[in-house]
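Here is the structure we will look at.
A, B, ... follow the sequence lines: proteins, then strands. Residue 1 opens every chain. Keep in mind it's a predicted model, so treat the numbers as computed, not measured.
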2 protein chains.
Amino acid sequence: MVRMSADERRESVIRAATSEFARGGYHGTSTEAIAKRVGVSQPYLFRLFPGKKAIFLAASERCMEDTVRTFADAAEGLEGEEALHAMANAYTKVIAEQPERLMMQMQMYVAVAAAEAEGDHAFGEAVRAGWMRLWDTVHLPLGADVNETTVFMAFGMLINCLVAMGFPPGHRVWEGMYPSARFQGRLEK
Amino acid sequence: MVRMSADERRESVIRAATSEFARGGYHGTSTEAIAKRVGVSQPYLFRLFPGKKAIFLAASERCMEDTVRTFADAAEGLEGEEALHAMANAYTKVIAEQPERLMMQMQMYVAVAAAEAEGDHAFGEAVRAGWMRLWDTVHLPLGADVNETTVFMAFGMLINCLVAMGFPPGHRVWEGMYPSARFQGRLEK
DNA sequence: CTAGTTAGTGATTGAGTACTAACTTATTCG
DNA sequence: CGAATAAGTTAGTACTCAATCACTAACTAG
């Protein structure tokens, strides 16, 4: 038996939960599945977190945080066309290497409506705040142009949806997306 | 007691299921909730459909069909900029009047990954086929320009996500989107 | 070495859920 | 009318799942 500090365990739980929730969504994922992936007993999760919802929230916030950082790091020190190119490339890397992060995003979005319908207003607030943080993070490097930022985010959401639907790389739906030369031409105007 | 033909009932079930699945997703929606909304006993659903998955599939296909028709009708007899404007307006109307159709789309997309992970390849195939039908439907009126079509679809997906997250009308995230004059300027180049 | 704390488990429970089987009621039509 | 058929219900089963409780094993400070 490998013992860890509670904080380290919580980290493991967040990672495992992200993978599981990304696949099955909130309701399609059992706490037992998460526990199994962590390598810990199911009841122990409830000592690390007050409940399943708290685990989902933690995974959601981590997901947003990671994405914000991805873009912030990519665009660091760059501006305009160069920043755009760098951020697009960074996201391309995420698509290939961590598609579960995109899926977790999607699961987050659809979970808001459900939560709000049940009276849980806090979750939606957190997700919207995360989105605004993400928005602002790409907005400045892109020259604070609302239209350009909106297009950038739109492409991101299209990518998420295409990945969710399982379109394989190389399929014609990706044609209008790669290379990010597309973005470049757009900014030049 | 109001009796209906099985086919009529199935229609009611599809409509009710769309509303319920849009909110809770596949796993977050019970067949009892659907039955209640239809006004029929829960076991009777299993006489109208072979199982819950079949209901979800039927609702998904209907959702795609409706969206394809929305765009086809809007763009009928129009081309280029005019078609773009008409389709954008049509979708704006859907956002306002039937947000559940957008949510059902999202639920469909995330359900594909889960289904595929469970070995159900057929559902994903159906959704991807629907997407391609939708793509082709907007592609021609937009002048068969891959880039324009991709941007159009991207905006659609961004809208879906913003609606899912519950951003209210008038919020600044919508700024870069309305009016669809945005689209017009884009095509003129 | 021992007392206290922290990490972790096993057993269980109560609520919910997809689906089945057997039965009942309305409608149609010869 | 009366029998066949189609629409619908009630009761029940087998199962899953989040959460609780009572307990044990490991680490650490004095």
Side-chain angles (χ1 to χ4, degrees), chain A residues 1-60 107 111 114-115 117-120 122-123, chain B residues 1-60 107 111 114-115 117-120 122-123:
Chain A
M1 197 209 307
V2 183
R3 280 172 75 112
M4 265 183 212
S5 79
D7 279 343
E8 284 174 313
R9 266 301 181 221
R10 259 183 284 265
E11 277 304 307
S12 309
V13 171
I14 288 174
R15 274 196 300 275
T18 298
S19 295
E20 293 294 326
F21 282 134
R23 220 180 290 281
Y26 180 75
H27 290 287
T29 300
S30 66
T31 55
E32 196 181 351
I34 297 170
K36 266 211 178 93
R37 188 180 272 260
V38 176
V40 100
S41 72
Q42 179 260 350
Y44 188 49
L45 294 185
F46 294 86
R47 214 161 275 205
L48 298 171
F49 293 88
K52 189 186 180 186
K53 279 172 105 169
I55 301 177
F56 190 79
L57 177 61
S60 297
Q107 299 291 0
E118 282 169 5
D120 180 357
F123 182 69
Chain B
M1 198 208 310
V2 183
R3 283 170 78 115
M4 267 182 211
S5 79
D7 278 344
E8 284 173 314
R9 263 310 176 213
R10 259 184 284 266
E11 277 303 307
S12 309
V13 171
I14 288 174
R15 274 196 301 274
T18 298
S19 295
E20 293 294 327
F21 282 134
R23 219 180 291 281
Y26 179 76
H27 290 287
T29 300
S30 66
T31 54
E32 196 182 351
I34 297 170
K36 267 212 177 95
R37 187 179 272 259
V38 176
V40 100
S41 71
Q42 179 262 350
Y44 187 49
L45 295 184
F46 295 87
R47 209 159 283 199
L48 298 171
F49 293 88
K52 189 186 179 184
K53 280 172 104 169
I55 301 177
F56 190 80
L57 176 63
S60 297
Q107 298 291 0
E118 282 169 5
D120 180 358
F123 181 69

Side chain to side chain contact (heavy atoms under 4.5 Å, CB included) partners for B:Ala117, two or more places apart: A:Arg23
Results of side chain to side chain contact (heavy atoms under 4.5 Å, CB included) for B:Ala22 - residues two or more places apart only: B:Glu100, B:Met103, B:Met104
Distance-minimising heavy-atom pair for B:Ala16 and B:Val38: CB-CG2, 3.5 Å
Out of D:dG8, C:dG8, D:dT9, whichever nucleotide has its closest atom nearest the side chain of A:Met4: C:dG8
Separation of D:dG8 P from B:Phe49 CZ (nearest whole Å): 13 Å
Separation between OG of B:Ser60 and CD1 of B:Ile55, rounded to the nearest 0.5 Å: 11.5 Å
Neighbours of DNA chain D within residues 6-18 of chain A, by heavy-atom distance under 4.0 Å: none
Nucleotide-resolved protein contact map, nucleotides 16-23 of chain C, B/S/- at heavy-atom distance under 4.0 Å: -SBBB-B-
Residues which pass side chain to side chain contact (heavy atoms under 4.5 Å, CB included) with A:Ala122, listed by chain and number, not counting sequence neighbours: A:Asp120
Tabulate below the donor-acceptor pairs under 3.5 Å that side-chain atoms of residues 40-48 of chain A make, not counting sequence neighbours, or state none.
residue: A:Gln42; atom: NE2; partner: A:Thr31; partner atom: OG1; Å: 3.1

Separation between CD1 of B:Ile14 and CG of B:Leu57, rounded to the nearest 0.5 Å: 9.5 Å
B:Glu118: partners by salt bridge (charged side-chain N to carboxylate O under 4.0 Å, His left out), with sequence neighbours left out: none
Closest non-hydrogen atom pair, B:Ala59 against B:Thr18: CB-OG1, 3.7 Å
Pairwise salt bridge (charged side-chain N to carboxylate O under 4.0 Å, His left out) hits with a residue in residues 11-21 of chain A, at least two apart: A:Glu11-A:Arg62, A:Glu20-A:Arg37
Selection from D:dT9, C:dA7, D:dA6 that lies nearest to any side-chain heavy atom of B:Ser41: D:dT9
Kindly give the atom pairs (protein nitrogen or oxygen, nucleotide nitrogen or oxygen) under 3.5 Å for nucleotides 28-30 of chain D.
none

Minimal non-hydrogen separation, A:Phe49 against A:Ala58, with atom names: CE2-CB, 3.9 Å
All salt bridge (charged side-chain N to carboxylate O under 4.0 Å, His left out) counterparts of A:Arg10, not counting sequence neighbours: A:Asp7
Nearest-Å distance for atom pair OH/P, residues A:Tyr44 and C:dG8: 4 Å
Nearest-Å distance for atom pair CZ/C1', residues B:Arg3 and C:dT25: 6 Å
Pairs touching residues 9-43 of chain A that satisfy ring-ring contact (aromatic ring centres under 6.0 Å, His included), sequence neighbours left out: A:Phe21-A:Phe56, A:Tyr26-A:Phe56
Base-pairing string, 5' to 3', of DNA chain D - Watson-Crick or wobble, under 3.5 Å, | interstrand: ||||||||||||||||||||||||||||||
